[in-house]
Amino acid sequence: MTVTPAPSVEAPKSAEHAPSTSESTEPAAQPPHAPEAAESNPTAALHTTVNAWFDTHARDLPWRRPEAGPWGVMISEFMLQQTPVSRVLPVYEQWLARWPRPADLAADPPGEAVRAWGRLGYPRRALRLHAAASAIKERHCGDVPREHAQLLALPGVGEYTAAAVASFAYGQRHPVLDTNVRRVFARAVSGKQYPPNATTAAERKLARSLLPDDEATAARWAAATMELGALVCTARGPECGRCPIATRCAWRLAGSPAHEGPPRRGQTYAGTDRQVRGKLLAVLRDAVTPVPQTALDQVWHEPVQRARALDGLVADGLVEPLAGGVYRLPQS
DNA sequence: AAGTCGTGGGA
DNA sequence: TTCCCAAGACT
């Protein structure tokens with residue numbers, strides 16, 4: 001059972017939903033001084049309001065369609081780790097068409113996964129997804145497991161991804177705490193502009209407390225809160241005028257106070273090993289035959305850093321060294 | 001538990 | 001141009 005953008009599976013709509021005639025989703029239809037998006041029933045549970053919003057605002061993403069299946073959901077979750085939807089879309093389609101089942105991916109060498117990963121970034125994810133496919137084939141007869149613990153045991157699957165697959169692919173009830181949900185909760189409930197840098201026990205507790213009791217409603221709530229964070233309650237420039245819970249948002253009610261404390265994080269990139277690794281791997285991805293050391297030497301001027309980056313790639317299993325100083329993507 | 005690990009697009 | 005950040009996992 002897949003969570004689709006179809007009308008909410010929430011139980012009785014009758015008592016909870018006051019007849020709502022306010023269509024406030026079109027920005028152009030808003031008068032210049034329009035108030036915040038009207039909420040049909042301010043006393044309804046948060047999940048009722050957010051899930052209702054999701055009914056009409058969910059994007060039609062391929063991994064939300066029934067034909068995606070659990071494997072499609074898992075592929076999408078790996079690719080979406082730290083990577084925007086727009087860049088995942090084309091690669092996702094290629095992957096699912098080429099490897100429609102976990103066993104199909106497992107049957108190909110890991111280097112093919114790395115190559116097909118293209119420029120999505122963090123190519124270790126490709127390696128881990130390949131390893132996860134092998135584990136699924138071996139341990140679970142080729143089917144993506146349903147149990148959270150079994151999902152969590154797969155390579156590259158952490159707390160978030162395990163909960164996401166269990167929820168989105170199998171309709172289960174799990175707190176799904178990704179960066180979007182954490183931001184929505186930080187604002188709507190905690191009154192902060194941003195969540196803490198690392199997920200805290202308090203956040204998990206909060207997520208657990210907000211989780212609807214009903215399984216199907218909980219699964220939809222997970223997708224709905226993520227979507228709200230991705231489309232409306234964004235990190236920069238949240239569009240509170242379009243938010244279904246703006247009238248109840250603690251951050252908003254507090255006057256939208258700016259983030260306190262040190263800057264959130266600095267993710268420098270230029271000149272780092274990561275950049276060099278990226279350049280080295282790009283050469284190997286585009287090569288049909290093994291690449292000589294001398295060709296790799298062209299991508300970076302500084303020999304010590306260059307060697308360190310290449311060693312790192314080999315250590316990670318992303319590059320396979322062959323005799324004679326030539327390299328290729330891993331065949332095994 | 002703070003660092004590491006890619007890439008590209010929007011503000 | 002520079003900076004920020006986008007459905008995290010792993011060590």
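We name chains A, B, ... by the order of the sequence lines, and we start the count at 1 in each one. What you see is a predicted model, and the numbers here were worked out from it, not measured in a lab.
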*When you measure from the side chain of R277(A), which nucleotide among dA7(C), dC5(B), dA9(C) comes out closest?*
dC5(B)

_Given dG6(B), dC5(C), dA7(C), identify the nucleotide with an atom nearest to the side chain of T83(A)._
dG6(B)

*In whole Å, what separates the P atom of dG8(B) from that of dA9(C)?*
23 Å

_Residues W251(A) and Q193(A): side-chain donor-acceptor under 3.5 angstrom_ = no

*Between dA6(C), dT4(B), dA7(C), which one does the side chain of R124(A) approach most closely?*
dT4(B)

*With a non-hydrogen cut-off below 4.0 angstrom, is V157(A) in contact with a base, only sugar-phosphate, or nothing?*
sugar-phosphate

*Sugar-phosphate, base or nothing in reach of L120(A), heavy atoms under 4.0 Å*: base

*How about T49(A) and R248(A): does a side-chain donor come under 3.5 Å of a side-chain acceptor?*
yes

_From the set dG6(B), dA7(C), dG10(B), return the single nucleotide nearest to any side-chain atom of N180(A)._
dA7(C)

*asked:* Side-chain N or O of R183(A) versus OP1/OP2 of dA6(C): is the shortest distance under 4.0 Å?
replied: yes

_Let's see if you can work this out: which of dC5(B), dA6(C), dT7(B) has an atom nearest to the side-chain heavy atoms of R285(A)?_
dT7(B)

*Please figure out whether P155(A) or Y160(A) has its closest DNA chain C nucleotide nearer the 5' end.*
Y160(A)

*Minimum-distance nucleotide (side-chain atoms of R236(A) versus dA6(C), dA7(C), dG10(B))*: dG10(B)

*Out of dA7(C), dA6(C), dC5(B), whichever nucleotide has its closest atom nearest the side chain of R87(A)*: dA6(C)

*Could you tell me whether Q275(A) contacts a base, only the sugar-phosphate backbone, or nothing, with contacts defined as non-hydrogen atoms closer than 4.0 Å?*
nothing

*Exercise: do T83(A) and R125(A) side chains pair donor with acceptor under 3.5 Å*: yes

*Could you check whether the rings of W117(A) and W95(A) sit parallel, tilted or perpendicular, using 30° and 60° as the cut-offs?*
perpendicular

*In whole angstrom, give me the gap between the P atoms of dA7(C) and dG3(B).*
23 Å

*Nearest listed nucleotide, side chain of T179(A), among dA6(C), dG8(B), dC5(B)*: dA6(C)

